[in-house]
Amino acid sequence: MDSDGEGIGDLAGVISKLSYIRDLGFDAVWLSPFFKSPQRDFGYDVSDYYDVAPEYGDLQAVRSLIARAHELGLKVLFDLVLNHTSIDHSWFSQSRASRDNARADWYLWRDKPNNWKSLTGGSGWHYEARRDQWFYASFLPFQPDLNYRNPAVRAAALDLVRFWLREGVDGFRFDIFNVIYKDAHFRDNPRALKFVPSEGDMSGFGQSFVHTVNLPESVAFAAELRGVVREFGDRVLLGEVFGDNATLRRFVGDGTSGLTHVFDFKMLRFRFDARSFLRILVDAEAAFQAPNSPVYVFSNHDRPRSISRLGGNAAKARMLHFFQLTARGSPCFYYGEEIGMQGARLPHAAALDPMAHKFPPVLARLGRFFGHLVNRDEVRTPMQWTGGVNAGFSSAGRTWLPVGGDCAAANVESQMGTDASLLNTVRALLHLRREWRALKDGAVEAARTDGQVLLFRRELVDQRLLVAINFGRRPSDVQETSVAGLRLLYAAGSVSAAGTRITLQPFSAAVFVCS
Ligand code: TEU
């Protein structure tokens with residue numbers, strides 16, 4: 001939300017919408033980086049971790065945001081980009097100036113590049129004439145990686161974590177946390193027949209990223225962070241990590257010593273059928289047993305929006321989120337996902353996203369086919385509050401990115417007034433989770449599919465609930481023999497039960513109390 005008519009969202013705008021988020025029933029907000037930044041990567045290139053980008057507000061606005069959120073009973077998570085800074089950060093300006101200054105060893109400098117590719121393709125090494133040396137950047141050339149093997153760097157990172165904790169923040173989302181450490185000996189990555197990075201394995205561009213990604217030292221750093229955070233009482237440490245489940249699991253450990261949560265981005269690539277959601281549930285349960293908690297995530301600011309995978313079908317989106325909000329875990333929504341906002345198809349050449357300009361349009365089209373988003377602007381368009389001018393996001397003549405074409409139907413105002421809207425389904429389910437502790441903390445039992453219907457129970461002490469979701473385009477009849485009777489608690493779409501027999505219309509779902 002833009003509060004001052006500049007066409008971009010800002011902290012005061014966020015503050016004005018906290019009560020909306022709270023009323024829906026969410027517990028916490030994660031803000032993408034608002035720190036001082038030249039905005040070449042829209043905040044993921046920080047030039048001062050202790051200051052706020054003036055276009056978003058100032059330190060006082062951050063304090064008001066935390067205070068207002070806490071007043072409403074909301075927690076606040078900040079997004080910390082610890083792996084790299086902006087080339088404009090004073091640490092880097094100093095580091096690049098000579099080989100013998102106080103911060104000469106704060107970044108990864110080498111006389112000659114090795115074969116390491118960046119996560120976005122091409123060599124990760126960039127030349128600096130003043131040192132006649134090369135620096136390494138995991139992401140884009142203007143985002144040099146910090147050298148975490150230097151204790152001064154680690155101390156600086158922990159200092160800024162402490163600074164924001166003292167300001168009252170409730171936790172962090174850590175950007176590309178699993179690449180923080182690179183091989184101490186700069187050994188070449190082995191060649192591999194993997195060309196396109198994937199959520200389960202970041203390797204690509206012809207090499208296996210064994211020496212640049214998921215090093216045990218990054219896992220150890222998670223434990224170190226947890227220790228620091230514990231000084232403040234426990235907080236949420238949510239890691240952006242990529243890997244198979246065994247790898248993700250290492251970052252959270254036994255639930256007491258590492259990060260508290262990690263995303264599992266493999267689920268962003270869901271297929272819309274009962275069996276694949278059963279797989280997601282079973283895998284997440286196996287990898288993140290209590291006290292760990294899986295994070296159910298289907299969209300973010302880097303990937304196609306979940307509804308785009310569903311062909312824009314809002315009825316299917318309701319089922320997706322019905323699953324997300326009834327499974328055991330921490331559901332994470334990306335703004336606008338609750339109204340099924342689709343974003344926009346935007347011309348490649350005009351992209352603001354620097355990623356887009358790394359690839360020619362033909363590769364961008366190919367990437368899209370494989371579910372990769374090269375122009376991330378498309379999922380970052382203004383939040384659609386109303387069907388009016390600029391979707392109610394801003395009073396500017398022009399917003400920073402255009403408003404999505406689906407604004408007339410996918411907006412908060414109109415969906416508030418429609419009982420069966422996605423927004424009201426999300427709200428009802430979030431409130432149900434508050435009322436029924438079994439939905440939040442209960443064990444998942446007897447997960448199975450029957451045709452296109454996914455069934456599982458949630459159980460906690462004396463609460464026993466049954467969830468049934470019909471992912472199919474046909475009505476379905478299922479029998480739940482493991483219980484004596486069923487009482488309908490909440491349904492999205494048309495569902496009925498007679499004894500232990502349940503009838504679900506296409507794309508409908510329900511939660512029952514079992515007897
Ligand atoms: O993203 C890291 C990342 O590897 C991907 O999500 C990447 O953006 C995607 O493959 C591109 O299609 C994180 C942030 O989420 C992203 O916004 C930043 O640009 C990036 O780190 C650099 O800080």
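First listed ligand is number 1; within each ligand, the first listed atom is number 1. Residues take their numbers from the sequence shown, with the count starting at 1. These numbers were taken from a predicted model, which means no experiment stands behind them.
- Closest protein heavy atom to atom 11 (C) of ligand 1: Met355 CE, 3.4 Å.
- Contact annotation for Phe242 and ligand 1: only side-chain heavy atoms (C-beta onward) come within less than 4.0 Å of the ligand.
- Side-chain contact, Ser306 with Glu337: a donor N or O sits under 3.5 Å from an acceptor N or O.
- Put simply, the residue from Tyr334, Tyr335, Tyr44 that forms a side-chain hydrogen bond (donor to acceptor under 3.5 Å, both in side chains) with His301 is Tyr44.
- If you look at Arg380 next to ligand 1, the close heavy atoms, those under 4.0 Å, all belong to the side chain.
- The protein non-hydrogen atom at the shortest distance from atom 10 (O) of ligand 1 is Arg303 NH2, 3.1 Å.
- If you check which protein heavy atom lies closest to atom 12 (O) of ligand 1, you get Leu373 O, 3.3 Å.
- Ring centroid separation for the pair Trp164 and Phe35 comes in under the 6.0 Å cut-off.
- Among all protein heavy atoms, the one lying closest to atom 2 (C) of ligand 1 is Ile176 CG2, 3.3 Å.
- From the protein, the heavy atom lying nearest to atom 8 (O) of ligand 1 is Arg376 NH1, 3.1 Å.
- Ion pairing of Arg173 with Asp175 is present here, as a side-chain N (NZ or NE/NH1/NH2) and a carboxylate O approach within less than 4.0 Å.
- Shortest contact from atom 17 (O) of ligand 1 to any protein heavy atom: Asp302 OD1, 2.8 Å.
- Side-chain polar atoms of Ser37 and Asp45 form a donor-acceptor pair below 3.5 angstrom.
- When non-hydrogen atoms are compared, ligand 1 lies under 4.0 Å from the side chain of His84 (C-beta onward) but not from its backbone.
- If you check which protein heavy atom lies closest to atom 23 (O) of ligand 1, you get Asp175 OD2, 2.7 Å.
- By the criterion of a heavy-atom distance under 4.0 Å, the side chain of Arg173, and not its backbone, is placed next to ligand 1.
- Taking the charged nitrogens against the carboxylate oxygens, Asp201 and Lys266 have no contact shorter than 4.0 Å, which rules out a salt bridge.
- There is a side-chain donor-acceptor pair under 3.5 Å between Asn83 and Asp145.
- Contact annotation: His301 has at least one heavy atom less than 4.0 Å from an atom of ligand 1.
- For atom 18 (C) of ligand 1, the closest heavy atom belonging to the protein is Asp41 OD2, 3.4 Å.
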